[in-house]
Amino acid sequence: MRKRFVGLALALTCAVSLLAGCGNTAGKGTEGGSPEAGNGSAAAGTETGTADATEASDHPVITMNAAYRNMSMFYELVHEKYPEINLEIIPYNGQNYTSYVNDMRFSGQMTDIYFATYYSPGRYDDASDFLDLSSYDFTGNYAQSRLREVTCNGAVYMLPLGYNALGITYNKTLLEENGWSLPSNLKEMEELKEKAEAAGYVFCRDQLQYPGYGFQYLCNILDTGFLSTVDGLQWQNDFISGKATLSGTPKMMEAMKLLDRWRDIGILNADGTPESDSETKAQMVEGNTLFLVGNSNDLTAETDAKDEFRLMPYLSEDGSQNVFILNVSRFVGLNKSLGEPGNEQKLEDAVHVMEVLSTVEGMESLEPSQNNSRILPLKDATIEESSYYADVLDELNSGHTANFIYAGWEDVVVPIGEKMIAYVRGEASLDEVIACFDDNQHLITDGETESYTTVSETIGMDDCARAVGICFAKATGAEAALISTNPWVYNTEAYEMNKQGVSGCLFPGKVTDQELVSILPTGWSNTIQTVTLTGARIKELAEKGYDYSGDGSLVFPYVLVTKDGMELEDDKTYTVPICGASEAVQEEGKLADSGIVGLEAAQEYFSQFTELSAQDLVWE
């Protein structure tokens, strides 16, 4: 069971991988955003003051979960245009955003403006959770091809943000230098392989580090045929619901033969470095390889790249069903409660926020570091001629696309992906891949995963940090633990908020590995780190907080937990688990690896509770 969940975490890497009532949120503070420290076991400063405009506003608070690493620039843009809006950013910089926001939704605790990583129109009862956005003016800013993909029975409940287009990366420089044309179908690709290898080039390399890649390659290739048709989309829903199998569907069985075709041509192979995506990319950048099959491989920004790289679609046999796969980074919707009587001002303000968001300026402010590697779904969005997507933007906007397949398949991504990678490497047959689908279908239809406890009421961020501290201290035999947290801090200069500490909450419901990883700073497989410091120094750190930036410009609070609430002796030396340590503290405390996987420690700790609330988090 554990292998499956750890693999799923790795599978999420193929995806190119909050909350009202969570507590410890912050409004707009001073530039730099350092929290003021106070007394007590948790450093004060988990709530910073808001800017004058919002402090003076009598508008009700509207909440928005953080879509990306740092929402400060977007926050600033909203208040430039609508200073009266009282917008509260609910932070999350943890290790499992997808599971976290899903738990938020399905526990009934969505923010007013809600972001999610995956959205499949009609899969759930969207009309019960979201307002229909189809009639709002800001929805008219989106390209029709992108709106079609999120429309269900005439309604639009969630809108897409920036997206990556997945396809095959090719070395444009090599093609031009050799006078070769870009293939438009599999026959032409086969002919080009002979020429490329005769000229001494590597024809194609595949990235194979994560099992999710294998699953996606399979789906992407089949999208050039049956899988992206109306019947193919219906088969996907039927398989997920247990109404159909792969082996019992003749059209899917025929479609699977495409995999043999791709492997025979040599597009699917093990010529890369299966254990390292970065090594495979480095081999491509060297300039001796024509094609790269991978996740998202915009190599134009690689510092060592001398050649020009571009994107081409997944090719069909005759070229009539060539497709790019769209992987939308986030979707956004409005909580249906905004439409209830008494919420008129909240709805008006939320619509204004959506108006800002649904512009090029608004979307680019969400995550500026990605502006050159994502495409915006807006009508008036443009890209530079040097962009990785420059040659294919018209094809993307005209709808030569298929959606990234993940939602609903989460529990089989790993076993099918692992089998597919074995197939690519010549270690498994096509029949074994087919059998892997049907043999693992029960993982979807059974709907049961191992759980450790059940949360009875929302456990906020500081209490989650307390739980992690107790858990890690017990696992390492320590008498205390120092765990940083991630309140939102206004800082337009920061690349991201705190990824080293506890982020978010635990919502009511079962706690599986997914929920544990959503709050664990160690994620799926990292180990617990410790420092050795005097009691006085530990208390000083708890008072001042985690100097994330190293220069005091961005500081996050610590939660200090001790056994039985004991007071640390100033002159005594303690070895304590720590989550979030500046380089100076790492050196001072001789940061050490305990060798204990954080997730395994959490599984053991949370398993002792049949039902869990914040009141149960006592270290005795």
Engineer: Examine the side chains of E515 and T512 and answer whether a donor and an acceptor come within less than 3.5 Å of each other.
Structural biologist: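 Their side chains do contain a donor-acceptor pair, which is all the 3.5 Å distance test asks for.
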Engineer: What are the two closest non-hydrogen atoms of F215 and I405, and how far apart are they?
Structural biologist: CE2-O, 3.7 Å
Engineer: Side-chain contact test, heavy atoms from C-beta onward, threshold under 4.5 Å: evaluate it for M64 versus M71 and give yes or no.
Structural biologist: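 M64 vs M71: side chains touch.
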Engineer: Name all pairs fulfilling the side-chain hydrogen bond (donor to acceptor under 3.5 Å, both in side chains) condition that reach into residues 576-586, sequence neighbours left out, sorted by first residue then second.
Structural biologist: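 As it turns out, there is no side-chain hydrogen bond (donor to acceptor under 3.5 Å, both in side chains) pair with a partner in residues 576-586 once direct neighbours are skipped.
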Engineer: I need the minimum non-hydrogen distance between P211 and E418, along with the two atoms involved.
Structural biologist: CB-CG, 3.7 Å
Engineer: Got a sec, which pairs hit salt bridge (Lys or Arg N to Asp or Glu O under 4.0 Å) with one end in residues 605-620, sequence neighbours left out?
Structural biologist: none
Engineer: Would you say that L599 contacts W524 through its side chain, given a criterion of any heavy-atom pair below 4.5 Å between the two side chains?
Structural biologist: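 Yes, side chains in contact.
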Engineer: List for me each residue that meets side-chain hydrogen bond (donor to acceptor under 3.5 Å, both in side chains) alongside S278, sequence neighbours excluded, and say none if there are none.
Structural biologist: S276
Engineer: Can you name the closest pair of heavy atoms from A407 and I240 and give their distance?
Structural biologist: O-CD1, 4.2 Å
Engineer: Restricting to side-chain hydrogen bond (donor to acceptor under 3.5 Å, both in side chains), what partner residues turn up for T476, sequence neighbours left out?
Structural biologist: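 Expected list: none.
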Engineer: Among all residues two or more places apart in sequence or in another chain, which pass the salt bridge (charged side-chain N to carboxylate O under 4.0 Å, His left out) test with E432?
Structural biologist: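 E432 satisfies salt bridge (charged side-chain N to carboxylate O under 4.0 Å, His left out) with no other residue.
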Engineer: Determine whether a donor-acceptor pair (N or O, by modelled atom type, separation under 3.5 Å) exists between the side chain of S329 and the backbone of G162.
Structural biologist: yes
Engineer: Side-chain contact, heavy-atom cut-off 4.5 Å: L533 with V531?
Structural biologist: yes
Engineer: For the pair S451 (side chain) and T453 (backbone), establish whether a donor and an acceptor sit closer than 3.5 Å, ignoring hydrogens and angles.
Structural biologist: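 Checking the backbone N and O of T453 against the side chain of S451, no donor-acceptor pair under 3.5 Å is found.
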Engineer: Restricting to side chain to side chain contact (heavy atoms under 4.5 Å, CB included), what partner residues turn up for D206, sequence neighbours left out?
Structural biologist: C204, L208, L268, N269, V293, V424
Engineer: Answer whether the closest heavy-atom distance between the side chains of L612 and F606 falls below 4.5 Å.
Structural biologist: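 Answer yes - side chains close enough.
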Engineer: Once rounded to the nearest 0.5 Å, what's the spacing between atom CG of L334 and atom CD1 of I62?
Structural biologist: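 These two atoms lie 9.0 Å from each other.
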Engineer: Mind checking the CE-CG spacing from M110 to N102? Nearest 0.5 Å is all I need.
Structural biologist: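 If we round to the nearest 0.5 Å, M110:CE and N102:CG are 11.5 Å apart.
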Engineer: Step by step, work out the side chain to side chain contact (heavy atoms under 4.5 Å, CB included) result for F115 and V101.
Structural biologist: CA-CA 8 Å; F115 292 93; V101 296; over 6 Å; no
Engineer: So, D438 and S247: side-chain donor and acceptor under 3.5 Å apart, yes or no?
Structural biologist: yes
Engineer: Among residues at least two apart in sequence or on other chains, which ones pass side-chain hydrogen bond (donor to acceptor under 3.5 Å, both in side chains) with Y548?
Structural biologist: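 Partners of Y548 under the side-chain hydrogen bond (donor to acceptor under 3.5 Å, both in side chains) test: E496.
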Engineer: Could you tell me if Y213 and D277 have a donor-acceptor pair between their side chains, going purely by distance under 3.5 Å?
Structural biologist: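 A donor-acceptor contact under 3.5 Å links the two side chains.
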Engineer: If every non-hydrogen atom of L541 is compared with every non-hydrogen atom of V585, which pair is closest and at what distance?
Structural biologist: CD2-CG2, 3.9 Å
Engineer: Using 30° and 60° as the class boundaries, would you call the ring planes of F507 and Y100 parallel, tilted or perpendicular?
Structural biologist: tilted
Engineer: Can you find a side-chain donor-acceptor pair between N65 and Y97 that sits under 3.5 Å?
Structural biologist: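 Side-chain D/A pair, N65 to Y97: present.
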Engineer: Do the side chains of L218 and L259 get nearer than 4.5 Å, heavy atoms only?
Structural biologist: yes
Engineer: Shortest non-hydrogen contact from Q514 to N96?
Structural biologist: OE1-ND2, 2.7 Å
Engineer: Checking salt bridge (Lys or Arg N to Asp or Glu O under 4.0 Å) for the pair K474/E604: CA distance, chi angles, key distance, verdict?
Structural biologist: CA-CA 10 Å; K474 284 190 168 186; E604 181 178 351; over 6 Å; no
Engineer: For a 4.5 angstrom cut-off between non-hydrogen side-chain atoms, does F404 reach Q216?
Structural biologist: yes
Engineer: Does atom NZ of K499 have more than 12 heavy-atom neighbours, drawn from other residues, nucleotides or ligands, at distances under 6.0 Å?
Structural biologist: no
Engineer: Got a second to check how far L516's CG is from Q95's CD, nearest 0.5 Å?
Structural biologist: 13.0 Å
Engineer: Roughly how far, to the nearest 0.5 Å, is CG of N335 from OG1 of T63?
Structural biologist: 7.5 Å
Engineer: Looking at OG1 of T458 and CG of L506, how far apart are the two atoms once the value is rounded to the nearest 0.5 Å?
Structural biologist: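 That separation rounds to 9.0 Å.
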Engineer: So which heavy atom on I483 is nearest to which on G469, and how close?
Structural biologist: CG1-CA, 3.6 Å
Engineer: Using side chain to side chain contact (heavy atoms under 4.5 Å, CB included), reason through Y157 and Y119 one step at a time and then give a plain yes or no.
Structural biologist: CA-CA 10 Å; Y157 296 110; Y119 174 60; 3.8 Å; yes
Engineer: Is there a donor-acceptor pair closer than 3.5 Å between any side-chain N or O of S241 and the backbone N or O of D238?
Structural biologist: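 Side chain of S241 to backbone of D238, a donor-acceptor pair under 3.5 Å: yes, one is there.
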Engineer: Do the side-chain N and O atoms of T117 and T98 include a donor-acceptor pair separated by under 3.5 angstrom?
Structural biologist: yes
Engineer: Can you sort out the partners of E457 under salt bridge (charged side-chain N to carboxylate O under 4.0 Å, His left out), two or more places apart, ordered by chain and number?
Structural biologist: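 Checked E457 against salt bridge (charged side-chain N to carboxylate O under 4.0 Å, His left out); zero matches.
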Engineer: Crowded around E427 CD? As in, over 12 foreign heavy atoms under 6.0 Å?
Structural biologist: yes
Engineer: Under a 4.5 Å cut-off applied to non-hydrogen side-chain atoms, are Y114 and F130 in contact?
Structural biologist: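 A side-chain contact under 4.5 Å exists here.
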Engineer: Does the side chain to side chain contact (heavy atoms under 4.5 Å, CB included) test come out yes or no for F472 and I596, once each step is laid out?
Structural biologist: CA-CA 9 Å; F472 284 7; I596 299 169; over 6 Å; no
Engineer: Would you indicate whether the side-chain heavy atoms of D547 and F556 approach each other to under 4.5 Å?
Structural biologist: no
Engineer: For the residue pair D431 / S429, report whether a side-chain donor-acceptor contact shorter than 3.5 Å exists.
Structural biologist: no
Engineer: Determine whether a donor-acceptor pair (N or O, by modelled atom type, separation under 3.5 Å) exists between the side chain of N526 and the backbone of G598.
Structural biologist: no
Engineer: Do side-chain atoms of D564 reach the backbone of M566 as a donor and acceptor pair under 3.5 angstrom?
Structural biologist: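 Not confirmed, D564 side chain does not pair with M566 backbone.
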Engineer: With sequence neighbours left out, what residues match Q441 under side chain to side chain contact (heavy atoms under 4.5 Å, CB included)?
Structural biologist: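 Per chain and number, Q441 pairs via side chain to side chain contact (heavy atoms under 4.5 Å, CB included) with F239, T245, T445.
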Engineer: Under 3.5 Å, side chain of R466 to main-chain N/O of L617, donor-acceptor pair present?
Structural biologist: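 At least one qualifying donor-acceptor pair exists.
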Engineer: Could you measure the distance from the OG atom of S456 to the CZ atom of F609? Nearest 0.5 Å is fine.
Structural biologist: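 CZ of F609 is found 11.5 Å from OG of S456.
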Engineer: Write out all pairs satisfying salt bridge (Lys or Arg N to Asp or Glu O under 4.0 Å) with one or both partners inside residues 99-119, taking only residues at least two apart or from two chains.
Structural biologist: R105-D126, R105-D129, D112-K346
Engineer: Excluding sequence neighbours, so at least two apart, what forms ring pair (Phe, Tyr, Trp, His ring centres under 6.0 Å) with Y423?
Structural biologist: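 If we apply the ring pair (Phe, Tyr, Trp, His ring centres under 6.0 Å) test to Y423, skipping adjacent residues, there are no hits.
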Engineer: Can you give each donor-acceptor pair under 3.5 Å made by side-chain atoms of residues 567-580, sequence neighbours left out, with the distance rounded to 0.1 Å?
Structural biologist:
| unit_1 | atom_1 | unit_2 | atom_2 | d |
| --- | --- | --- | --- | --- |
| E567 | OE2 | K539 | NZ | 3.1 |
| D570 | OD1 | K539 | NZ | 2.6 |
| Y574 | OH | E569 | N | 2.9 |
| T575 | OG1 | T532 | OG1 | 2.8 |

Engineer: Closer than 3.5 angstrom, by distance alone: can the side chain of T527 be matched with the main-chain N or O of G595 as a donor-acceptor pair?
Structural biologist: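 No; judged by distance alone, with no hydrogens or angles, the pair does not exist.
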